[in-house]
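Comments concern the structure below.
Nothing fancy with the numbering, it's 1 onward along the sequence. This structure is a prediction, so every number in the text was calculated from the model and none was measured.
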Amino acid sequence: LSFRIFSEFSKEYFFNSKTILFLKRISWFCIIYFIISIVLDFVLIRHFGAYAYSGFWFFILGMLLLFVVEFFKKGYELQADNDLTI
């Protein structure tokens, strides 16, 4: 995944729809993993809190990536406007 992310960043057009879609998928995957870890925490009473604690960091990562995706969307719009101006 990191190779794919960095290969997209090294292209001439940094903000593109493929990168935005890829980052959005990763962020939603992290958030869904957090939800699954919460459900597992309630099902497996023996290890109460262990799954939720480990999943919490994926939730933070997912929310951070959604924030980054919004910046990429704005950069993509500005880049498209700049291309139309030239």
Side-chain angles (χ1 to χ4, degrees):
L1 290 175
S2 60
F3 173 75
R4 187 169 175 188
I5 290 172
F6 288 124
S7 68
E8 290 293 325
F9 289 162
S10 65
K11 292 184 178 177
E12 182 179 343
Y13 290 108
F14 187 69
F15 302 107
N16 56 26
S17 60
K18 190 176 178 183
T19 305
I20 293 171
L21 181 65
F22 183 68
L23 287 173
K24 193 182 292 186
R25 284 180 184 167
I26 290 175
S27 64
W28 282 111
F29 173 75
C30 290
I31 292 171
I32 289 171
Y33 178 79
F34 172 68
I35 293 170
I36 290 171
S37 67
I38 293 293
V39 170
L40 281 176
D41 205 19
F42 284 115
V43 171
L44 303 174
I45 303 295
R46 198 170 355 141
H47 302 289
F48 190 74
Y51 294 107
Y53 181 73
S54 65
F56 176 73
W57 298 109
F58 280 96
F59 178 72
I60 296 295
L61 177 67
M63 296 306 286
L64 181 68
L65 282 175
L66 282 177
F67 187 69
V68 169
V69 164
E70 291 301 318
F71 278 115
F72 269 74
K73 283 182 184 177
K74 186 65 175 174
Y76 182 67
E77 291 173 4
L78 289 174
Q79 183 175 317
D81 288 343
N82 190 21
D83 289 341
L84 289 176
T85 305
I86 293 174

Please table the atom pairs, donor to acceptor, closer than 3.5 Å between any side-chain atom in residues 26-33 and protein atoms at least two apart or in another chain.
| unit_1 | atom_1 | unit_2 | atom_2 | d |
| --- | --- | --- | --- | --- |
| Ser27 | OG | Leu23 | O | 3.3 |
| Ser27 | OG | Lys24 | O | 2.7 |

Hydrophobic clusters here meaning ILVMFWY residues chained together by side-chain heavy-atom distances under 4.5 Å, can you tell me if Tyr76 and Leu21 are in one? no
Is there a path from Phe56 to Leu64 through hydrophobic residues (I, L, V, M, F, W, Y) whose side chains come within less than 4.5 Å of each other? no
From CZ (Phe58) to CD1 (Ile36), nearest 0.5 Å: 11.5 Å
Only distances under 3.5 Å count here; give the side-chain donor-acceptor pairs of residues 65-74 to other protein atoms, sequence neighbours excluded, each with its distance to 0.1 Å.
none

